[in-house]
Each structure stands twice: as structure tokens, then as C-alpha cells.
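Quick note: numbers below take in every heavy atom, side chains included, and nothing from hydrogens, waters or symmetry partners. Bear in mind that the values here come from a model prediction, so they are computed numbers and not experimental data.
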Amino acid sequence: MRRAHVLDALIRLAQPANVVVLPVLIAQGRQVRRRMPRLPAAQGPTAGVCPGSEPALRLTVLGDSAAAGVGAATHEEALGGFLGAEVARRTGRMTSWHVVARSGAKTRDVTRDLVPRLVDHSDVIIAVAGVNDLKSYRLIRDFRRDTAALVDAIRRRVGPVPVVLAGIPPFEHMPGLPRPMRTVLGLRGRAMNDVLRRLASTMDNVSHISLSGLAFSDDAFTEDGFHPASNGYRMWAETIADQLGASVGAPGREAQLEHRGEPGVRVAQVDGPDLGHSP
């Protein structure tokens, strides 16, 4: 609680500084947009299955350009495919993955345009949103409200499925951004991550996975210096799977009996991922 109050105070104190550097940030933003190449989203199937023991674990990656795999050749080499493979490897469970994403989507765009496309049941939904809110300098309080609305919309659409709020990536490591823009966006990203962490702590079966300890090197990015390259997506997927895999676990004997059709077992209570809250 003390940490949250301190961060809130720092954000308020930083507002005048943001105003001072705003003209510089605007000029840098224009330069970045002019020289940054526009990369396509990942190609190929937006779903796949990684082998393992049944019953299968079903993951959905929902969100913006990172979810869409911008910078990777195919979805198998992007966040969705790597995450499915990493979770399957850690748990031993067959893992299916499905991507519902659009490059450039803000959190409220994901709610309005992409959540209605969630049609299949998922055991876990990984929500990847916030980068475009950060880039557009959306107010922190509005970002919090938009994220809460996103979780509510997911629950209305697919029921009480566990939701993971993927962290804002560390902007301070992005080589395509000049300073002071890189520093300002990095600090803002930390504040938004704290919003996600605190919001998750107030909602049932919602967790936040922080990327603050993930040190991307320059070769983890594509030629635009902003979107992850394939090895960057792999690192991101490993970070999520490290925390997700321990929660979903390997299939127990009761779940295996249920899969074979033997009566008297309720799989949801045995296998259902209980992600809880991030520390």
C-alpha cells in the first residue's frame, strides 16, 4: 500500500515535467513515425496445438500488435505460438493456442472490436493491451477504467474464465526510441504496470504478470527498434509461462479418468487454472 501511495505521488509530481518536455516529445514522435518502417502482423494460422497429455489446456491471446505478432514471420514464431509451446513444455499438457488481435488497438478498441470475436471456450485468456494507450498518452485513470471494462466484457462474453493482464513491455530498452522519449515512456509504462497490478488485486481470478525484470537486448527487436523480433517474443512467452505454468499444472489422475469417460469426476475443480493475484 505504501508503495502504491509513493508511486501515485511521483506521478503527480512528474506532471509539470511532462508539460515541459511535451514539445520535445511531440517533435520526437513525429520523427519516429516518419522513419519507423510499418511492419505487417504475423502471417499464417492464428491457432495451433502443442503436443502433450490430455485434457488439453486452451489459451487465447487477445490484444494489440504484440498479440498480433507484428515483427514475426508467423504466429508460431510470435507470442501466441511460443506461449503455447512453453506452457506445454512446462506442464506436459497438450496446449492449444488461439490469437485474436489487431495491430494498433488501444484497450478500449480491444473491448469493442475484438472481445466479440471470442467464440471458443478458453481455460485462460492472456490480455495484451496498453502499449497504444501509453503511446497516445491516455490518462492513467482512463486506462484503469478501460482495463476494468475489458475484463468485464471478457467475462460477459465467455464466462468466469481466468484472465491474465500481460505487463507493459519495458520501453526503456527499445532502441528505436530516442531520449528523452524512451525515458518518459519507460516511466509511464511502470506506472501503468502498477495500475494493472493493483487492479488485478481487486478482481476475482485476474492476475498481472510483470515484465519489469525482462531485460531486452537490441537483437530482441525488429528493424523498427520497437516491436519484438522472434527471439523477443520467445523471451516474453517464457516470462508469462514461468508464472502461468505453475498455476495450471500437469493433469492429475482424476482429470485423466474424466478424459477417458469414467464417471464421478468434475474436471473443472481438479484442473481449472487458479491464477490468483500476482505478488
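The shortest side-chain heavy-atom distance between Val87 and Trp97 does not fall under the 4.5 Å cut-off. Here the side chains of Phe82 and Ile240 are not in contact, with every heavy-atom distance at 4.5 Å or above. Counting heavy atoms from C-beta outward, Asp64 and Arg102 have side chains that stay 4.5 Å or more apart. Contact of the Ile125 side chain with the Val158 side chain is registered, since non-hydrogen atoms from C-beta on lie closer than 4.5 Å. Between Met174 and Phe216, the closest side-chain pair of non-hydrogen atoms is not below 4.5 Å. Between Arg58 and His121 the shortest side-chain heavy-atom distance falls below 4.5 Å. Arg190 is not listed as a side-chain neighbour of Pro170, based on a closest heavy-atom distance of 4.5 Å or more. Val32 has its side chain out of reach of Arg30: every pair of non-hydrogen atoms, C-beta onward, lies at least 4.5 Å apart.
What you find for Ala237 and Leu83 is that their closest heavy atoms are CB-N, 3.6 Å. Nearest heavy-atom pair, Ala105 versus Val110, reported as atom, atom and distance to 0.1 Å: CB-CG2, 3.9 Å. Contact detail for Gly167 and Leu196: the closest heavy-atom pair is CA-CD1, 4.5 Å. Of all non-hydrogen atoms in Ala220 and Met235, the two that sit nearest each other are CB-SD, 4.4 Å. When all heavy atoms are compared, the tightest approach of Ala78 to Gly69 is CB-CA, 3.7 Å. In terms of heavy atoms, His98 sits closest to Ala47 at CD2-CB, 4.1 Å.
Atom CG of Leu57 is separated from atom OG of Ser122 by 9.5 Å, given to the nearest 0.5 angstrom. Rounded to the nearest 0.5 Å, atoms CD1 (Ile126) and OG1 (Thr60) are 9.0 Å apart. Distance check: Arg144 CZ to Asp194 CG gives 11.0 Å after rounding to the nearest 0.5 Å. To the nearest 0.5 Å, atom CD1 of residue Ile168 and atom CZ of residue Arg188 are 10.0 Å apart. Taking CG from Asp152 and CZ from Arg157, the interatomic distance works out to 15.5 Å, rounded to the nearest 0.5 Å. Here CE of Met192 is found 10.0 Å from CG of Leu185. Values are rounded to the nearest 0.5 Å.
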>> Set out, in order, the CA-CA distance, both residues' side-chain angles and the distance that settles side-chain contact (heavy atoms from CB on, under 4.5 Å) for Asn205 and Val161, then state yes or no.
In response: CA-CA 8 Å; Asn205 223 7; Val161 59; over 6 Å; no
>> Set out, in order, the CA-CA distance, both residues' side-chain angles and the distance that settles salt bridge (Lys or Arg N to Asp or Glu O under 4.0 Å) for Asp142 and Arg145, then state yes or no.
In response: CA-CA 5 Å; Asp142 293 339; Arg145 183 189 63 213; 3.3 Å; yes
> After noting the C-alpha distance and the side-chain angles of Met94 and Val49, does the key distance pass the side-chain contact (heavy atoms from CB on, under 4.5 Å) rule?
Replying inline: CA-CA 7 Å; Met94 178 186 296; Val49 178; 3.7 Å; yes
> Step by step, would you call Asp224 with Arg38 a salt bridge (Lys or Arg N to Asp or Glu O under 4.0 Å)?
Replying inline: CA-CA 8 Å; Asp224 68 4; Arg38 295 183 64 86; over 6 Å; no
>> side-chain contact (heavy atoms from CB on, under 4.5 Å), that's the test. Do Asn231 and Asp219 meet it? Break it down for me.
In response: CA-CA 8 Å; Asn231 60 329; Asp219 63 359; 4.0 Å; yes
>> side-chain contact (heavy atoms from CB on, under 4.5 Å) for Val115 and Leu150? Distances and angles first, verdict last.
In response: CA-CA 8 Å; Val115 169; Leu150 171 61; 3.7 Å; yes
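A distance-only check finds a donor-acceptor pair linking the side chain of Gln43 to the backbone of Ala41 [under 3.5 Å]. A donor-acceptor contact shorter than 3.5 Å is absent between the side chain of Thr107 and the backbone of Asp146. In terms of modelled atom types and a separation under 3.5 Å, the side chain of Asp123 and the main chain of Leu59 share no donor-acceptor contact. Of the possible donor and acceptor atoms, one in the side chain of Tyr233 sits under 3.5 Å from a partner among the backbone N and O of Val70. Remark: side-chain polar atoms of Thr95 are not paired, donor with acceptor, to backbone N or O of Cys50 under 3.5 angstrom.
A centroid separation of 6.0 Å or more is found between the aromatic rings of Tyr137 and Phe143.
Summarising the local packing, CD of Glu86 is surrounded by more than 12 heavy atoms from other residues, nucleotides or ligands at distances under 6.0 Å. Surrounding CZ of Arg35 are more than 12 heavy atoms belonging to other residues, nucleotides or ligands, all under 6.0 Å away. More than 12 heavy atoms of other shown residues, nucleotides or ligands fall within 6.0 angstrom of atom CZ in Arg182.
When only modelled atom types and interatomic distance are considered, Asn193 and Ser210 share no side-chain donor-acceptor pair under 3.5 Å. Under 3.5 Å, the side chains of Ser103 and Ser65 contain no donor-acceptor pair of N or O atoms.
Applying the side-chain contact (heavy atoms from CB on, under 4.5 Å) test between Val61 and each of Val100, Thr46, Val164, Val128 identifies Val128 as the sole match.
Note on Leu187: it does not cluster hydrophobically with Phe226, by side-chain heavy-atom contacts below 4.5 Å among ILVMFWY residues.
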